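Please read the structure below before turning to the comments.
Labels below follow one simple rule: chain letters A, B, ... track the order of the sequence lines, proteins then strands, and each chain is numbered from 1. Predicted model only: the values in this text are computed from it and were never measured.
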Amino acid sequence: MSEILKVLKGTKDILPQDVNMWHLVEQKADEIFSKYGFKEIRTPIIEVTELFSRGVGDTTDIVNKEMYTFEKSDRSITLRPENTAGVVRAYIENGMSRLSAPVKLWYKGPMFRYERPQAGRQRQFHQVGVEMFGIKQPTADAEVILMATNFLKSLGLNDLEVEINSLGCPKCREEFKNRLKEVLKPYLSELCEDCQKRYEKNPLRLLDCKVESCKKIFEKPEIQEVVNSDFICEECEEHYTAVKLYLDRMGVKYIENKQLVRGLDYYNRTVFEIKSNNLGSQNAVCGGGRYDGLVGQLGGEPTPAIGFAMGMERLISLIPKLEPKKLDGYIVSEHPVDAFLFAEELRHEGLNVEFDLTTKKFSKQIEKAAKVAKYALILGEDEIANHCVSIKNLEKGTQITVDRIDCIKMLEL
RNA sequence: GCGGGAGUCGUCAAGCGGUCAAGACCUCGGAUUGUGGUUCCGAUAUGCGUGGGUUCGAAUCCCAUCUCCCGCCCCA
């Protein structure tokens, strides 16, 4: 197969037989998010590169090695690797801070990351996500998490686990980082290469290293003490406790996971993930958290905010396949003009109808009808002469002949 | 970016150095000249991811490359 006949690595065609799954996810997103007052927003797929380096954070892998970036008329442009930065940009640029808080937005669409593809990970993938601006109270955190679980339930996904954690605010997190670095300093040379990098870049990520030798070091009592200490300040603690209380009252089951550290720099306080055991190693279907500093950091009025994103491919892989939809009717006739006219008539009435464009033999047309439609609509000599149609129910095998005017009523039954 | 496995018709697959590359499903045509989903017959890979090499001979061996899968990393 020549190069031009292959999709690019890490990209996929979404084929007709799977599109109904995508529609289902999109339609449920619209339905559920609307119930909570979220409005859809569509932002461009390309943005100025700096939006991501400043927004997502230039210590992250996403920005450092995974962006599709190119130059055009002296500007550095990037295919969005995620959509929070873009939505925040739109929020600021369109003056949405003047709107009455909360401003609740949701989006869906393709994202691009130059990564090594594997199960549940593509270079072009799709996310549905939400962002809520202007509410610092823990009710916002709880509402967003609750909505995420309800959305997943509406797709029939029940055996998922919600994990939550609090990263504290910049102040208390900084203190924690320093304490962590201090206690790890003596072992720095024993840590794996990645951890040594993380030590400088993002010490919080050290905690979920999978290398055995690192794990052993982290098990040392003096380190465990720091890891398990409740480093977050009183205000953050209060916020976190309230979030958990609301979740408890709303019946949302969750697991607290102190190791849960999201990879994007902008998060603070509440972070959460929703995981499935049926996804292999890329097991998160949803990830999100609070990012109170981002709007200000990008040049807007400081505005608290919280959101999440879900991987649509991962969602769809968890949903049982839907049966493809059949046509309402397939017109069987050896007289193309009559078939054509009748098909159009029915289409105008809102029915999905096809007829045989090649005028094959009668029995072949019936066979085709049985494959693609619920009813065969037979227009033979007699029917044409009497302006009627024979309707054959292809599941039951029954057949009746009616006046064409009554056909639509019959099909709707 | 780093490890491991795999690539034979649209799909699932047999073949593992020596005729014409099994078979099944799908698709198409016929048996059936106005009635299908059962049955029967027939068609469909000068080709075995791609490019080199070894050999009298290669889908089968070797090298490279691409892609997919699994793990690491990272994340949705």
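For A/Thr60, no side-chain nitrogen or oxygen approaches OP1 or OP2 of B/C74 to under 4.0 Å. Distances shorter than 4.0 Å separate none of the side-chain N or O atoms of A/Ser363 from OP1 or OP2 on B/U32. Between A/Lys371 and B/C28 there is a side-chain N or O to OP1 or OP2 distance below 4.0 Å.
You'll find the ring centres of A/Phe355 and A/Tyr330 outside the 6.0 Å limit.
A donor and an acceptor atom never sit less than 3.5 Å apart when one is taken from the side chain of A/Arg116 and the other from the base of B/C72.
Using a 90° window around 0 for the glycosidic torsion, B/G17 falls outside it and is classed as anti.
Within the nucleic acid shown, A/Lys360 comes within 4.0 Å of sugar-phosphate atoms alone, with no base atom in reach, counting heavy atoms only. Among the heavy atoms of the strands, none lies under 4.0 Å from A/Lys368.
Nearest-nucleotide positions on RNA chain B for A/Leu279 and A/Gly287 put A/Leu279 closer to the 5' end.
A gap of 25 Å separates the P atoms of B/A6 and B/A22, to the nearest Å. Atom name C1', nucleotides B/G1 and B/U11: the rounded distance is 35 Å, in whole Å. A distance of about 15 Å separates the P atoms of B/U67 and B/U50, rounded to the whole Å. As rounded to the nearest Å, B/G36 and B/U32 have P atoms that lie 12 Å from one another. Using atom C1' as the reference point in both B/G37 and B/G18, the two lie 46 Å apart (nearest Å).
Checked against B/G30, B/C70, B/G1, the side chain of A/Gln118 finds its nearest nucleotide in B/C70.
Residues A/Lys374 and A/Glu395 are not paired through a salt bridge, judged by the lack of any N-O separation under 4.0 Å between the basic side chain and the carboxylate.
Atom NZ of A/Lys396 and atom C1' of B/U35 are 18 Å apart (whole Å).
One N or O on the side chain of A/Arg80 and one on the backbone of A/Thr43 form a donor-acceptor pair closer than 3.5 Å.
Side-chain atoms of A/Met147 and A/Phe33, non-hydrogen and from C-beta on, do get closer than 4.5 Å to each other.
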